[in-house]
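Every value quoted in this text rests on a predicted model; they were computed, and no experiment measured them. Just so you know, residue 1 is the first one in the sequence shown, and it goes up from there.
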Amino acid sequence: MFKNFGLMLMLSASVVLGFMSFNKFKLKIDFLEQFAYLIKHTEIKIKYDEDLLFNIFSSFKTENKFLKKMLSALCNDLKNTSYFKDESFSYYKILNKINLLRDDELTIINNFIQNLGTSDVDNQIKLCKISEHSIKERLSVALNEKDKKSKIYFLLHVAVGLIFVIIFL
C-alpha cells in the first residue's frame, strides 16, 4: 500500500518537474515579449514626449513579475543616480537572479539600459530600434527552442519517473 503510494508520488513529482521545465520556456518568452514592448514604449516616449527615464520606466505597466521587479529596482537605481556604468546596480542583480535569460540576452538588456540617456534624442531612438531588433531576434530563437526542446524536457521527466516506477514495481 505504502509502496504504491510512494510510486505514485514519485511519478507525480516527475510530471511536476517536467511541467516546470516546460513552463520555464514560456516565462522566458513572456519576459522577452514584454521587454520588447518596454523598448518600444521607451522609444515612443523619448521621440514624442522627451520624457525622463524615471518617468518612462515607472509609467510602463506589465503583468510579468520578473520585469516588474526589474523595473522597480531600475527606478530605485535611477533615484540614486542618473547613469549606470557598472554591474553593481540592483536591477542587474535581479536580472541575474531570474535565471531565465542567456548571457547574450542579458548583455543586450544591460547595454540598452546603460546606454539609454547618454546621448541626444536621435541616437537614443536608434539605440531603441537596435535593441528592439536584437530582442526580437532572441525572441524568435526562444520560440523555436520552446517548440523543439520544451516537449522533450517534459517527456524526459515523465519517462524518468515511469522508469523508476517500473524498476520499483
>> Do the side chains of Lys129 and Glu132 get close enough for a salt bridge, i.e. N-O under 4.0 angstrom?
In response: no
>> Rounded at 0.5 Å granularity, tell me how far CG in Leu101 sits from CG in Asn96.
In response: 9.0 Å
> Tell me, do His41 and Ser59 make a side-chain contact under 4.5 Å, heavy atoms counted?
Replying inline: yes
> Closest approach of Ala73 and Ile94, non-hydrogen atoms and distance?
Replying inline: CB-CD1, 3.4 Å
>> As an exercise, state the distance from CG of Asn76 to OG of Ser58, rounded to the nearest 0.5 Å.
In response: 11.0 Å
>> Rounded at 0.5 Å granularity, tell me how far CZ in Arg138 sits from CG in Leu143.
In response: 13.5 Å
> Could Lys24 and Glu145 be called an ion pair, given the rule that one side-chain N must be under 4.0 Å from one carboxylate O?
Replying inline: no
> Would you say Lys126 has more than 12 foreign heavy atoms packed within less than 6.0 Å of its NZ?
Replying inline: no
> So, does Asn111 use its side chain to make a donor-acceptor pair with the main chain of Thr107 at under 3.5 Å?
Replying inline: yes
>> Phe31 vs Leu95, test: side-chain contact (heavy atoms from CB on, under 4.5 Å). Steps then yes/no.
In response: CA-CA 11 Å; Phe31 181 86; Leu95 275 178; 3.8 Å; yes
>> Under a 3.5 Å cutoff, is there a donor and acceptor pairing between the side chains of Asn123 and Asp120?
In response: yes
> When the ring planes of Phe112 and Phe35 are compared, do they come out parallel, tilted or perpendicular, using 30° and 60° as the limits?
Replying inline: perpendicular
> When clusters are formed by joining ILVMFWY residues with side-chain heavy atoms under 4.5 Å apart, either directly or through shared neighbours, do Val16 and Phe5 land in the same one?
Replying inline: no
>> Count I, L, V, M, F, W, Y as connected when their side-chain heavy atoms are under 4.5 Å apart, and connections chain through other members. Are Leu52 and Tyr48 then in the same cluster?
In response: no
> Which value, rounded to the nearest 0.5 Å, describes the distance between Glu137 atom CD and Asp104 atom CG?
Replying inline: 10.5 Å
> Under 6.0 Å from the OH atom of Tyr37, do we count more than 12 heavy atoms belonging to anything else shown?
Replying inline: no
> What are the two closest non-hydrogen atoms of Cys128 and Glu43, and how far apart are they?
Replying inline: CB-CB, 3.6 Å
>> Would a single hydrophobic cluster contain both Ile167 and Leu162, if residues Ile, Leu, Val, Met, Phe, Trp and Tyr are joined by side-chain heavy-atom contacts under 4.5 Å?
In response: no
> Heavy-atom distance under 4.5 Å between the side chains of Leu27 and Asn64, does that happen here?
Replying inline: no
> Measuring from Ile56:CD1 to Leu71:CG, what's the distance to the nearest 0.5 Å?
Replying inline: 11.5 Å
> Which heavy-atom pair separates Leu116 from Leu53 by the least distance, and what is that distance?
Replying inline: CD2-CD2, 3.3 Å
> Just checking, any donor-acceptor pair under 3.5 angstrom between side chains of Gln34 and Thr62?
Replying inline: yes
>> I want to check something: taking the side chain as every heavy atom from C-beta on, are Leu32 and Lys28 in contact at a cut-off of under 4.5 Å?
In response: yes
>> Test your reading of the model: is there a side-chain donor-acceptor pair from Ser12 to the backbone of Met8, 3.5 Å cut-off?
In response: yes
> Same cluster or not: are Ile109 and Ile130 linked, directly or through other Ile, Leu, Val, Met, Phe, Trp or Tyr residues, by side-chain heavy atoms under 4.5 angstrom apart?
Replying inline: no
>> Does Asp49 form a side-chain contact (heavy atoms from CB on, under 4.5 Å) with Ile44? I'd like the steps, not just the answer.
In response: CA-CA 8 Å; Asp49 294 344; Ile44 291 169; over 6 Å; no
> Can you check side-chain contact (heavy atoms from CB on, under 4.5 Å) on Phe25 and Asp30, steps first, answer last?
Replying inline: CA-CA 9 Å; Phe25 287 102; Asp30 184 48; over 6 Å; no
> Passes side-chain contact (heavy atoms from CB on, under 4.5 Å), Thr42 versus Phe60? Steps please.
Replying inline: CA-CA 9 Å; Thr42 304; Phe60 186 75; over 6 Å; no
> Which atoms form the tightest heavy-atom contact between Ala36 and Ile135, and what is the distance?
Replying inline: CB-CG2, 4.0 Å
> Is the backbone N or O of Arg102 less than 3.5 Å from a side-chain atom of Glu105, with the two atoms forming a donor-acceptor pair by type?
Replying inline: yes
